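Remember, it's a predicted structure, so these values are computed and weren't measured experimentally.
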Amino acid sequence: MPFVLPKRRYNVDMSTVAISAPGKVLLAGGYLVLDRDYTGLVFGLDARIHVHVQALSASSGVAPSEIIVRSPQFRDAEWRYGYRETENDGGVEVTQLMGHSTGPQPRNKFVETALAYALSYITSITSTEIGPTLITILADTDYYSHGSSSTSPTTTTPSSRFLDFNVALTSAHKTGLGSSAALVTAFTTAVLTYYLPPGTLDIASSAGKACLHNLSQAAHCAAQGKVGSGFDVAAAVYGSCVYRRFSPSILEGLGEIGAQSFASRLRAVVDGTGEGEGSAKKWDTEIDKSAAIMPKGIRLVMCDVDCGSETVSLVKKVLAWRKEEPQEAALLWATLQKGNEDLARELQRLALAPEMEKSAGYENLKNVILTIRSLIREMSAKAGVPIEPKVQTDLLDACSKVQGVVGGVVPGAGGFDAIALLVQDDDAVVQELRTLLDTYKVDAQDGDGASIGNVRLLGVKQEMRGVVLEDPGIYSDWIK
């Protein structure tokens, strides 16, 4: 019988906020999206990270300046934070407190940073009181790999959409759907929505989304310790889109929390109030939602290989090759950009095409995908990086032979994350694909000897929406 974490009870009032943000798949534009000269075609996924915020009353035994964050799907996943507004406009400093676990609780840098940045921004624009809260984080099932073992996940009630993953968070295997970006975005949005005065932030408006995007990008980059491309945060905020990254210089000079005038600089960066030296530059991110279309009759699905890749090491090696061979890399990247644009255009064309043409096998779409895969393998060989490793090539080829599967790629930075497939939107096709994967065997002796784990079809599909408000009632099984 699986171990079930006992539910702790806190005294809460009825003031609650619930937010969710989607995962992502960079269908086209891996590596290119790091450079503003190129774009990425990113689809949001209906696997979402959910954040629920509720007030804690004084009788809960918490300090007046304490925020408790818990992730009840995992063992011992609770973090207690104290917070204080620093001197000289330095923002809000967040400190992890000793919790009730049996041992020291590891830092959760994404939660801690998102909380500190959100509170620093809030206090820079309003004098609202920051009272104690209980923040609960829940992840849809497909963010993590899970198999048939003694620690297999279970649902606590038949009606719950969320699994008890039955492991420590540090032991969970991610499927590569962008959990950190979705977490930071949903967490930031929930904290702002909860603490800001009513009417201050409209998350459905373009101005509201720009605020959430800019603050979430700043917090996510600070938590990572580097300025990434930001496509994952953009998808979490806006949903599916064609994305052109922001200039990294926008976040330069922001400094650390506690430094003099950090809060004012953060507000200026988030609001994009000016240009030039001494003031925040305006954001130059480009988000084109109209260019990211999944035509009726096609479904995007993901296949988990229960392995995962270290994206940072892959990117470093590719960028090193690009620096050593600039002309060769520029030619290949330009060709890849054209292929990526061809993919977006073909999906747009199919969205307007007659039904008869769509049922003819999607030959043009198949050829575009095969061209992109060929170019990715060329980059992989020249950079000496497993962007599409042999075991992933074999898996993609096997899936592509299933009737109704149009084609697929190893998305994003590649490696051993979940693969993305475009298939005919037919339950019979999905079932045949699932049957193939249930019995799929990997030849670990082939190629370079690299291997993947259990292969399974995830339950996700494309999602056009970004961050949204949710009904707090859907989390009642987990909010005790």
Side-chain angles (χ1 to χ4, degrees), residues 15-24 39 42-46 48-53 114-115 117-128 130 135 178 181-221 230-247 250-251 263-275 279-293 462-472 474:
S15 175
T16 61
V17 165
I19 298 289
S20 75
K24 53 70 188 171
T39 59
V42 54
F43 282 94
L45 298 171
D46 62 358
R48 304 178 77 88
I49 297 290
H50 305 254
V51 177
H52 180 280
V53 186
L115 180 60
Y117 271 59
L119 296 181
S120 294
Y121 180 73
I122 290 167
T123 56
S124 75
I125 65 173
T126 181
S127 58
T128 187
I130 306 296
I135 303 178
L183 168 61
V184 168
T185 299
F187 194 96
T188 298
T189 306
V191 172
L192 262 60
T193 303
Y194 181 86
Y195 283 116
L196 286 176
T200 305
L201 176 68
D202 177 5
I203 71 170
S205 70
S206 57
K209 287 189 184 298
C211 170
L212 297 173
H213 170 268
N214 299 349
L215 182 55
S216 297
Q217 291 282 19
H220 195 244
C221 289
F231 79 89
D232 44 4
V233 171
V237 175
Y238 292 98
S240 301
C241 62
V242 169
Y243 172 79
R244 190 184 301 275
R245 70 158 305 153
F246 59 90
S247 297
I250 289 172
L251 295 178
S264 293
R265 287 195 300 274
L266 178 64
R267 178 181 179 180
V269 164
V270 173
D271 296 344
T273 53
E275 293 185 18
S279 61
K281 298 179 181 178
K282 290 185 177 179
W283 286 75
D284 49 8
T285 313
E286 295 178 20
I287 306 289
D288 187 353
K289 286 190 65 64
S290 65
I293 297 174
Q462 72 275 4
E463 167 74 271
M464 301 310 294
R465 301 179 307 158
V467 66
V468 294
L469 281 165
E470 296 281 6
D471 175 7
I474 67 177

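- Listed by chain and residue number, V191, L192 satisfy the side chain to side chain contact (heavy atoms under 4.5 Å, CB included) test with A118 (two or more places apart in sequence, or in another chain).
- Contact check for I19 versus V468: no side-chain heavy atoms found under the 4.5 Å cut-off.
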Exercise. Passes side chain to side chain contact (heavy atoms under 4.5 Å, CB included), Y195 versus T123? Steps please.
Worked result: CA-CA 10 Å; Y195 283 116; T123 56; over 6 Å; no
For this session: Decide yes or no on side chain to side chain contact (heavy atoms under 4.5 Å, CB included) for K24 and F43, but give the supporting numbers first.
Result: CA-CA 6 Å; K24 53 70 188 171; F43 282 94; over 6 Å; no
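- Residues satisfying the side chain to side chain contact (heavy atoms under 4.5 Å, CB included) test with L251, not counting sequence neighbours, are A218, C221, V227, F246, V269, W283.
- Between the side chain of Q217 and the backbone N or O of G230 there is at least one donor-acceptor pair closer than 3.5 Å.
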Problem set entry | Criterion side chain to side chain contact (heavy atoms under 4.5 Å, CB included) on H220 and D232, from CA distance to verdict | CA-CA 10 Å; H220 195 244; D232 44 4; 3.7 Å; yes
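- Across all their heavy atoms, F231 and V42 have their closest contact at CD1-CG2, 3.9 Å.
- To the nearest 0.5 Å, atom CD1 of residue I122 and atom CG of residue L196 are 5.0 Å apart.
- Note that CE of M464 and CD1 of I293 are 7.0 Å apart. Values are rounded to the nearest 0.5 Å.
- Between R48 and E470, the closest side-chain pair of non-hydrogen atoms falls below 4.5 Å.
- With hydrogens and angles left out, the side-chain atoms of S124 and R267 include no donor and acceptor closer than 3.5 Å.
- Checked against salt bridge (Lys or Arg N to Asp or Glu O under 4.0 Å), D284 has the following partners two or more places apart in sequence or in another chain: R36.
- For the residue pair I203 and T193, the shortest heavy atom distance occurs at CG2-OG1, 4.0 Å.
- Proximity of V270 to C211: side-chain heavy atoms (C-beta onward) are separated by under 4.5 Å at one or more points.
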Exercise. What's the verdict on side chain to side chain contact (heavy atoms under 4.5 Å, CB included) for V467 and S20, showing C-alpha distance, side-chain angles and the deciding distance?
Worked result: CA-CA 6 Å; V467 66; S20 75; over 6 Å; no
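- Note that OG1 of T39 is 11.5 Å distant from CD1 of I287, once rounded to the nearest 0.5 Å.
- Considering every non-hydrogen atom in both P197 and T126, the closest pair reads CG-OG1, 3.8 Å.
- The two residues A182 and A21 come nearest to each other via the heavy atoms O-CB, 3.7 Å.
- Counting only residues at least two apart or on different chains, no side chain to side chain donor-acceptor pair (under 3.5 Å) pair has a member in residues 181-190.
- Contact record, G272 with K282: O-CG, 3.7 Å, taken as the closest heavy-atom pair.
- Here the straight-line distance linking atom CG of L215 with atom OG of S120 works out to 9.0 Å at 0.5 Å rounding.
- Proximity of P22 to R465: side-chain heavy atoms (C-beta onward) are nowhere separated by under 4.5 Å.
- Taken from CZ in F187 to NE2 in H50, the straight-line distance is 15.5 Å, to the nearest 0.5 Å.
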List, one per line, each side-chain donor-acceptor pair under 3.5 Å for residues 234-243, sequence neighbours excluded.
{"from": "S240", "atom 1": "OG", "to": "G44", "atom 2": "N", "distance (Å)": "3.0"}
{"from": "S240", "atom 1": "OG", "to": "E463", "atom 2": "O", "distance (Å)": "2.9"}
{"from": "Y243", "atom 1": "OH", "to": "S229", "atom 2": "O", "distance (Å)": "2.5"}

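- Distance check, rounded to the nearest 0.5 Å: OH of Y121 to CG of N214 gives 9.0 Å.
- The two residues I49 and L183 have their closest heavy-atom pair at CG2-CA, 3.8 Å.
- Residues in residues 196-209 take part in no side chain to side chain donor-acceptor pair (under 3.5 Å) pair, two or more places apart or across chains.
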